[in-house]
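Inspection log for the structure reproduced underneath, given as structure tokens.
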Amino acid sequence: MNLLWTKHKSTVAASAPVIGLILLAVLYIVVMQGDITPYNLNIIVNQLMITAVISTGAIFIFSIGAFDISLGAATAVSAMAGVLAFNASESLLVMFLVCLLVGVLISLFNSILAALLNLPVFVTTIAMLSVLNSVIEMLLGGQSKLSISSEAAASADTLLVKLSILILFFVICLFIFRYTPIGRQNKFLSANPVSAKQTGLSRSKLTIIAFAIAGIGIGLAAFLTIVRAPVLSKTTASSVGMDVLIALVFGGMPLSGGARSKISAALVGATSVVLLNQVLLALGFSSGVNQIAKGVLFLVVVFVASIGFRDKLLPR
Amino acid sequence: MSTNVLFEAVDICKRFDATVALDRVSLTVRRGEIRGLIGENGSGKSTLSSIIAGIQKAGSGSMTLNGQSYEPVNMIDALDKGVGMVVQERGTVSGITVAENITLGENSKYSRWGTINKKALYNQAEQALQGIGVTHIKASDPTDSIDMQDRKLIEIAKIMSRHPEMIIVDETTTVLSQYGREVIYGLMKEMKAHNKSVIFISHDLDELMQVCDSLTVLRDGVFIRNLEKPEFNEDTIKQLMVGREMTGSYYRDDYDGSYGEEVVLSLADGSKGDRLKQVSLSLHKGEILGIGGLSHCGMHTLGKALFGFEKLDSGIVEVAGGRRIRSEREAMELGVGYVSKDRDVEALSLQSSIKDNIVIAGLDHIKRPPFLILSKDEKKYAARLIEQLSVKCASMEQSVQSLSGGNKQKVVFAKWIGRGSDILILDCPTRGVDIGVKQAMYQLIYQLKSEGKSIIIISEELSELIGMSDRLLIMKDGRITGEFARSPQLSESDVISYMI
């Protein structure tokens, strides 16, 4: 039995995120007593889109062993810039492009600053979080809300548009991660930065590329945020950063990056987080208990995902 | 069981997934004995010693120490029970001081009301260092500022300060200079004199035959034979280790020493702090250039500087055609490869697979224009090199950390050979590598020379340098102090005075 466990625990650990997702899906069906309506599904899809899009881009950041604490604030600023652009131009396309541009610029600024100052990028994202929170205040301009009319957003508020954005972005990221040198180089960089440098990999270059891709995710998520709820306030996207972190861990993404980094973690994890939210809501938990439950599950998943790699010492 | 027996392991088995690392291996160590454990890379000697030292658990089997059941749960527990181990690779913790490393696991002894009594901590560490005859390392120094050899000495001091009944020395001498070796040999003799025991693992057969009272030979995870000192015979031991008769020359057997006229890599007036002082050298096409000296002579810094990994304070590194090397990336683009001395820390990503480690250096060769990387191309590329270098592994997806030292080194070679590097800088290329793999590597190096590649071998083993080099440079205190052409008359005594 012991031998069998030893032999298969890596496989079990690697499959844990998918097993967790299936269990959550089954649990959701059970607590909903099979009464899953199009309305319920719509809620799930809407929640899923934003977390999944940002998580997909953030995979590149995590895979180099970096971390961005300002994802939520960057999404909020990009969305507000998009709203202001729409109000000035009355064009959804302009709003979309401004969201993208601002998302990418914020992300690039983080990474280029880190490269120039030779600082860990995490440090610049902490500073950026503070700056972005001030920018949110400035963009609100003393008002409590920024908005566009729901009619204006309605043409983009369709399942087809939202799914297309997610699928297209995910497929492009999947291609970059799996079929270009970037994914492999990112994983190697975080697995051993010294060896990576000695193999000619540039940390600065890979960091800037990772943040640029994550910035596109932020911009897309900002657009989806406006489309989903066209009224923005100080609390817009405030929980996104934490949701993305939990999603990536639920999806089996190691927080330190490395060889086990995988892009599928974004979709698996984001879906798990959304299903978990729905299960907890259906069980009637308050938002406080909801947060505690997510925290506990977060630890359980990290533990299960790591057991396969705990005691592999160095036989020779 | 005889009362003279200090330690006994019976029928130890250990598996790593599909790989059988140890198959019912037994080992007896008597009091006052220095027992050598010998075998090719992957024979299971380090797995066995790590089980004895509490680093990992056996799958089955039993162990006794002083006649009592012995089942250490970790290294600290093993040390508390009287067994310490100096590991092959890095055995100190980064980010803390020398004193904290030496007293690791004993912090409670020096803490009061949540604060650490640093004076007592440093005193204890100084005493531990002095106990093994080391006075040049300060207890308050950060461990990261200390080189590999001194870190090993810190590790030894840590273990010896606990007065173990038995120590395991796992291929430690390969990273030590003569001074470090003298320290460890002295300690082993002292252990023996005090009726304590030592398990000594080394690939240096001469060293083992000189130091050990007995030898246990392992091959492919299986016990082969015990040999007592009167039975020691180099050829017999080699044959027992590899399971066949070793044929052909160990090093190259020609004394031609010729190479092309074209200079393919040069350094002009290279200086770096007090480690390199206005060093100039040229490497020619088809040349094997040896660089030797004591560990701190600057040769390792020189190797890194030639590859662009270490920035020079002054001086120019350039390849044929005058193109300069200022970074690793430039060096790689200009066909230069570098095998680091510090394999586990600098050359490999241990958690990554064999395939990933090999492929990462060759992505620009594998990719289909403009940037497409296909899994089948990667696998083909890695499989070819695994085959070419005979890397012993269950699969190319196996993580590098599960490989033996020699096979890890083959993976590092594969990285650079796969790229078709025309110039190879090999820093201690056979460190921690068994004689079978060593011979294969020497043959490979010579074959590369025959193909017109140019090779720099940096090594602390003079026999290796004399045996392989067309031309040998000796360094001392950051300067080149001697140059020797290949010759059958050249001996270690000819060059040693230029090193010391």
Side-chain angles (χ1 to χ4, degrees), chain A residues 1-14 63-65 172 174-206 209 254 256-262 306 308-316, chain B residues 14-19 21 41-42 44-47 50 55-57 59 87-89 170-171 307 309 327-333 338 340 342 344-353 356-357 359-361 363-364 367 371-375 378 399 401-408 415 432:
Chain A
M1 184 66 192
N2 196 22
L3 184 67
L4 196 70
W5 169 239
T6 305
K7 201 172 169 183
H8 295 292
K9 67 180 174 183
S10 296
T11 316
V12 171
S63 67
I64 57 168
I172 290 169
L174 180 75
F175 177 80
I176 295 170
F177 202 76
R178 288 222 183 132
Y179 299 102
T180 73
I182 291 169
R184 288 156 182 79
Q185 291 174 335
N186 281 6
K187 289 195 271 185
F188 202 84
L189 176 66
S190 51
N192 185 343
V194 181
S195 177
K197 185 172 187 308
Q198 222 170 66
T199 316
L201 306 189
S202 163
R203 169 178 281 280
S204 299
K205 183 180 144 193
L206 289 172
I209 292 172
S256 55
R260 289 186 291 131
S261 304
K262 50 189 174 184
S306 66
F309 304 88
R310 286 245 167 121
D311 53 4
K312 283 208 166 172
L313 291 158
L314 307 171
R316 286 179 282 269
Chain B
K14 181 72 184 175
R15 294 174 69 99
F16 296 102
D17 297 329
T19 308
N41 289 123
K45 51 192 188 305
S46 290
T47 304
S50 62
I55 295 174
Q56 56 188 323
K57 284 189 174 4
V87 297
Q88 184 180 7
E89 298 296 340
D170 185 3
E171 289 179 40
F307 186 61
F309 188 65
S327 70
E328 319 78 15
R329 185 74 244 166
E330 282 180 345
M332 286 172 68
E333 284 166 3
Y338 172 69
S340 167
D342 205 349
D344 283 8
V345 175
E346 293 184 355
L348 293 167
S349 160
L350 295 179
Q351 62 163 272
S352 304
S353 68
D356 289 349
N357 271 285
V359 158
I360 194 72
L363 286 174
D364 48 346
K367 85 179 168 197
F371 43 62
L372 189 64
I373 302 277
L374 295 180
S375 179
E378 278 184 312
S399 78
Q401 68 183 355
S402 65
L403 293 180
S404 64
N407 283 296
K408 281 180 187 168
K415 278 172 73 168

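Each chain gets a letter, A, B and so on, in the order the sequences are listed, and its residues count up from 1.
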| query | Going through the checks in order, is the side-chain hydrogen bond (donor to acceptor under 3.5 Å, both in side chains) test met by A:Asn186 and A:Ser63? | reply | CA-CA 6 Å; A:Asn186 281 6; A:Ser63 67; 3.2 Å; yes

| Over 12 foreign heavy atoms within 6.0 Å of CZ, A:Arg178 | no

| query | Does the side chain of B:Gln56 come under 3.5 Å of the side chain of B:Ser50 through a donor N or O and an acceptor N or O? | reply | yes

| Portion of B:Asn357 that has a non-hydrogen atom of chain A nearer than 4.5 angstrom | both

| said: Please classify the contact between A:Lys187 and chain B as side chain, backbone, both or neither, with a heavy-atom cut-off of under 4.5 Å. | reply: neither

| note | Per-residue tally against chain A (heavy atom, under 4.5 Å) across B:Gln351, B:Met332, B:Lys367, B:Glu333 peaks at B:Gln351

| note | If you tally heavy-atom pairs under 4.5 Å between each of B:Ser327, B:Ala361, B:Ala331, B:Ala347 and chain A, the highest tally belongs to B:Ala347

| query | Are the charged groups of B:Glu378 and A:Arg184 less than 4.0 angstrom apart, N to O? | reply | yes

| remark: Applying a strict 4.5 Å limit to non-hydrogen atoms, the region of B:Lys415 in contact with chain A is side chain

| Does any heavy atom of chain A fall under 4.5 Å from the side chain of B:Leu363, the backbone, both, or neither of them? | side chain

| request: May I have the step-by-step check of side chain to side chain contact (heavy atoms under 4.5 Å, CB included) for A:Arg203 and A:Lys197, ending in yes or no? | output: CA-CA 8 Å; A:Arg203 169 178 281 280; A:Lys197 185 172 187 308; over 6 Å; no

